[in-house]
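Here is the structure we will look at.
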Amino acid sequence: MTSEAPPRNLDFIREIVEDDLRSGKHNTVVTRFPPEPNGYLHIGHAKSICLNFGIASEYGGRCHLRFDDTNPTKEESEYAEAIKRDVTWLGFSWDHLFHASDYFEQLYQWGEELIRDGKAYVDSSTAEEIRDMRGTLTEPGKESACRSRSADENLDLFRRMRAGEFSDGTHVLRAKIDMQSPNINMRDPVLYRIRHEDHHRTGDKWDIYPMYDYAHPLSDAIEQITHSLCTLEFEDHRPLYDWLVETVRVPARPRQIEFARLNLNYTVMSKRKLLRLVEERYVAGWDDPRMPTIAGLRRRGFTPAAIRNFAERVGVAKRENVIDVGLLEFCVREDLNKVAPRVMGVLRPLRVVIENYPEGQSEELETPNNPEDASAGSRKVPFSRVLYIERDDFMEEPPKKFFRLAPGREVRLRSAYFITCSSVVKDAAGNVVEIRATYDPATRGGDAPDGRRPKATLHWVSAEHAVDCEVRLYDRLFNAENPEEGGDFLEHLNPDSLEIVPDGKLEPSVRSAAPFSHYQFERLGYFLVDPESKPGQPIFNRTVTLKDSWAKKLAGGGGLARASV
RNA sequence: UCCGGGGUCGUCCAAUGGUAGGACGCGGGUCUUUGGAGCCCGUCAUCGUGGUUCGAAUCCACGCCCCGGAGCCA
């Protein structure tokens, strides 16, 4: 009778959340995504965003977007705006935008409270002295002489720090915990530092700013966060997190849970390295289609659904992981295959003259917009005597498994006619510059009344109707699986990560395609209309190639099948 | 060396003392007006050594290996 719930493989975080809900520890779940506005979001952040917003929505809770803006020297509004844009684009929304800087007053008051309770003190040592007294990984630290200051003296000093009476670096507020602790984070961590610097939101109101370790747990508590999810490197900070939410009289006690961050092969993910790629112009900007940033992926042609699906497939666990970028590519193909309209485009044009097709004549042929989706309808493409096909689709001396066009061979032109290559025209150097062919008028639409079936179907574009376009073919930015390994990561930059095709030929239906629209160029791959396109002069970014078993054969099978086209 | 984590197919993720399973990849087949997609089949793994148990990836012991940690960064 008891209807068993279908077995689900929950990740360890969702298990904890469900336990807490079941046990009544919480009756709602509140998570948060807390970026520092000092750089652009990347695919690793997407995992965290999907996790935090995903859990909130699955369990009927909330997820806050909170800017962890506690360091005015590194943070900018431009980054904050980009982050909001990216989170929204990914498909998530927050009902209220939070900032750690909104809590500065409360955080300051709690600082005074800690002082009064004898749990914090002002240290007037220099940064070097503090570092020296902290000890090492294997030796305990030493207590600062300032540790014994009276609460009154500490309060006075802390207030004067706030009032701006002291210059940068002269004093800090430290928690009084345990200089002997084997966990360095518990050796009287710094809570506040003096920074005479304007903050992008609070202006010149503050001369002291809280440290992450202090601001983060208390901000979580203020927002009644139930589960504070972060990456593994904060595991050592958890005792301090707990110390703060237990020691300070906060309205709630959030729990920090750590998971392994996402790593992707053939790219770099650290903000410092991404910033360097941008600043030193190895890429065109944060949204360069080769960047692993959300903005870059968007401009490359990845879809929010593909990224969300990717985030789900990579899972959540605590062991270090490196995800194969092939999985990301699989996810975008999977999505685009369902939704991208098909279109025909030739990247390396080879002229074909249909000798028995009347000069000056043309006709319109019907072709489906998406064979995967009948509701996408169909469109007409013009056909005439002179066409372009892909250079790679013709070989004068075809090897065994090459099924495409060759002298004397008949192939189908997609949704058009069967053609047979009758001869080739070469230039002085012996390069094939034109194919002469005949067509079979009885095969209009692509079927032969006698039932014969060519082994290949080629895409094509009518020369006189073609739209000229630029196509940007992107490949991975690095050619090493782990660019960080061995020497400078820049040494592994892939010199062929961008190839510009200046004279692609497209069917006329895409002449004024809107920026950011997705297409499949049949047999080639998925392409996105770049925002730099001008009316009538589209620019396309290749998102990803279609799987191509012939190209793979050429590449020797296995490994990194790069499209030859 | 101290503290904290982690070791399951090539790569990710599951199995919560009871037949090691899924996804991607790879290989093959089928289908095909995209050499795409789809469909079918197959390939491949529990860090090591002991122990507990009818039964261990799972529990215990001892090792080994990997990652993180000494910002007034987050």
Side-chain angles (χ1 to χ4, degrees), chain A residues 7 9-11 15 34-36 38 68 70-71 73-75 123 125-127 130-132 134-141 168-174 181-187 189-195 208-209 211-213 215-216 230-239 258 260 262 265 271 313-324 326-331 333-334 337-338 342 344 367-368 371-372 401-404 412-416 418 443 445-447 453-459 520-525 545-553 557-559:
Chain A
N9 287 336
L10 295 177
D11 58 69
E15 251 170 42
E36 183 189 14
N38 70 341
D68 234 329
T70 58
N71 186 352
T73 61
K74 296 175 154 187
E75 298 154 6
D123 196 331
S125 311
T126 64
I130 289 179
R131 191 192 320 123
D132 289 344
R134 188 159 29 229
T136 69
L137 294 176
T138 53
E139 307 158 68
D168 288 13
T170 53
H171 306 274
V172 290
L173 182 72
R174 298 178 74 178
S181 173
N183 181 343
I184 291 181
N185 296 301
M186 299 299 271
R187 316 233 265 232
V190 172
L191 269 21
Y192 268 94
R193 74 291 217 188
I194 300 171
R195 282 257 195 291
I208 57 173
Y209 292 91
M211 297 287 290
Y212 164 88
D213 275 328
H216 201 86
C230 64
T231 43
L232 254 26
E233 68 270 25
F234 293 102
E235 209 150 18
D236 291 335
H237 296 241
R238 187 171 3 117
E258 311 85 14
L262 171 79
N265 57 12
K271 279 186 184 175
R313 282 176 197 253
V314 299
V316 181
K318 293 194 75 159
R319 64 184 88 92
E320 296 288 340
N321 61 82
V322 182
I323 308 296
D324 193 325
L327 182 63
L328 219 207
E329 294 172 351
F330 168 84
C331 289
R333 285 191 188 104
E334 184 185 45
N337 179 47
K338 290 180 297 195
R342 272 59 169 173
M344 289 197 283
T367 189
E372 303 291 313
K401 292 267 173 64
F402 184 87
F403 305 138
R404 284 112 93 148
R412 171 165 45 225
L413 294 181
R414 167 117 241 231
S415 300
F418 293 2
T443 58
D447 279 309
R453 293 145 65 113
K455 292 201 85 170
T457 299
L458 309 187
H459 60 278
Q520 183 197 102
F521 290 3
E522 288 210 45
R523 304 207 304 135
L524 297 180
T545 60
L546 247 31
K547 284 213 293 185
D548 182 343
S549 46
W550 172 247
K552 193 188 285 184
K553 229 168 227 130

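By convention in this document, chain letters (A, B, ...) are assigned in the order of the sequence lines, proteins followed by strands, and residues within each chain are numbered from 1. If you're wondering where the values come from, they're calculated on a predicted model, not measured in any experiment.
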Checklist entry - Any sub-3.5 Å donor-acceptor pair from A:Thr443's side-chain atoms to A:Phe418's backbone N or O? => result yes

Item to check | Check: A:Arg187 side chain, A:Arg134 main-chain N or O, donor-acceptor pair, under 3.5 Å | outcome: yes

State whether [X] places a side-chain N or O below 4.0 Å from either non-bridging phosphate oxygen (OP1 or OP2) of [N].
X        : N     : answer
A:Lys318 : B:C67 : no
A:Lys552 : B:G27 : yes
A:Thr70  : B:A74 : yes
A:Arg453 : B:U32 : yes
A:Arg187 : B:G71 : no
A:Arg313 : B:C13 : no

Next on the checklist: Quick check on B:G71: syn or anti? Syn means the glycosidic torsion is within 90 degrees of zero.
Outcome noted: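 Because its glycosidic torsion lies within 90° of 0, B:G71 adopts the syn conformation.
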
Nearest to side-chain heavy atoms of [X], which nucleotide of [options]:
X        : options             : answer
A:Glu15  : B:G69, B:U16, B:G35 : B:U16
A:Glu233 : B:A74, B:C2, B:A70  : B:A74
A:Ile323 : B:G71, B:G4, B:C12  : B:C12
A:Pro371 : B:U34, B:C12, B:C73 : B:U34
A:Tyr212 : B:A74, B:A70, B:U34 : B:A74
A:Ala317 : B:C13, B:G35, B:C72 : B:C13
A:Leu327 : B:G35, B:A15, B:C24 : B:C24
A:Glu522 : B:G4, B:C2, B:U34   : B:U34
A:Ala127 : B:U1, B:C72, B:U34  : B:C72
A:Arg193 : B:C72, B:A70, B:G35 : B:C72

Next on the checklist: Should the side chain of A:Arg319 and the base of B:G5 be counted as holding a donor-acceptor pair, with the cut-off at 3.5 Å?
Outcome noted: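 Checked by distance alone, the answer is no.
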
Next on the checklist: What I want to check is whether an N or O donor and acceptor connect the side chain of A:Asp324 with the base of B:G25 at under 3.5 Å.
Outcome noted: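 Answer is no: no donor-acceptor pair is held.
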
Item to check | Spacing between A:Asp236 atom CG and B:G68 atom P, to the nearest angstrom | outcome: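 Between P of B:G68 and CG of A:Asp236: 12 Å.
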
Next on the checklist: Rounded to whole Å, how long is the line connecting atom CG of A:Leu328 with atom C1' of B:C12?
Outcome noted: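 Going from CG in A:Leu328 over to C1' in B:C12 covers 13 Å.
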
Checklist entry - Which part of the nucleic acid, if any, lies within contact of A:Asn321, taking any heavy atom under 4.0 Å across all strands shown: a base, the sugar-phosphate backbone alone, or nothing? => result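 Touches sugar-phosphate only.
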
Atom pairs, N/O to N/O, protein against nucleotides 37-39 of chain B, distance under 3.5 Å?
{"residue": "B:A37", "atom": "OP1", "partner": "A:Lys547", "partner atom": "NZ", "Å": "3.4"}
{"residue": "B:A37", "atom": "O2'", "partner": "A:Asn337", "partner atom": "ND2", "Å": "2.7"}
{"residue": "B:A37", "atom": "O2'", "partner": "A:Glu372", "partner atom": "OE1", "Å": "3.4"}

Euclidean distance for [atom1], [N] against [M] (whole angstrom):
N     : M     : atom1 : answer
B:G17 : B:C60 : C1'   : 14 Å
B:G27 : B:U43 : P     : 16 Å
B:A57 : B:A20 : P     : 8 Å
B:U19 : B:C26 : C1'   : 26 Å
B:A15 : B:C47 : P     : 15 Å
B:U46 : B:U58 : P     : 13 Å
B:C62 : B:U16 : P     : 26 Å
B:C9  : B:C24 : C1'   : 12 Å

Checklist entry - Have A:Thr457 and A:Arg412 got a donor and an acceptor in their side chains that come within less than 3.5 Å? => result yes

Item to check | Side-chain H-bond candidate by donor/acceptor type, A:Asp123 with A:Ser125, under 3.5 Å | outcome: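 A pair is found: one side chain offers a donor N or O, the other an acceptor, under 3.5 Å apart.
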
Checklist entry - Please walk me through it: do A:Arg174 and A:Ile130 pass side-chain contact (heavy atoms from CB on, under 4.5 Å)? => result CA-CA 10 Å; A:Arg174 298 178 74 178; A:Ile130 289 179; 4.1 Å; yes

Tabulate atom names and distances for all N/O pairs under 3.5 angstrom spanning the protein and nucleotides 42-48 of chain B.
none

Checklist entry - Could you write out RNA chain B as a dot-bracket string, with dots for unpaired bases, | for bases paired across to another strand, and Watson-Crick or G-U pairs counted at under 3.5 Å? => result .((((((..((((....[..)))).(((((.......)))))....(((((..]....))))))))))).....

Item to check | Geometric class of the A:Phe402/A:Trp550 ring pair [parallel <30°, tilted 30-60°, perpendicular >60°] | outcome: perpendicular

Next on the checklist: What I want to find out is whether A:Glu258 reaches A:Arg238 closely enough, with some N-O distance under 4.0 Å, to be called a salt bridge.
Outcome noted: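 Between A:Arg238 and A:Glu258 there is a salt bridge, with a charged N closer than 4.0 Å to a carboxylate O.
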
Item to check | Residue whose closest nucleotide on RNA chain B lies nearer the 5' end, A:Phe402 versus A:Val190 | outcome: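 The 5'-side residue here is A:Phe402.
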
Checklist entry - Going by heavy atoms in the side chains, are A:Asp324 and A:Glu329 under 4.5 Å from each other? => result no

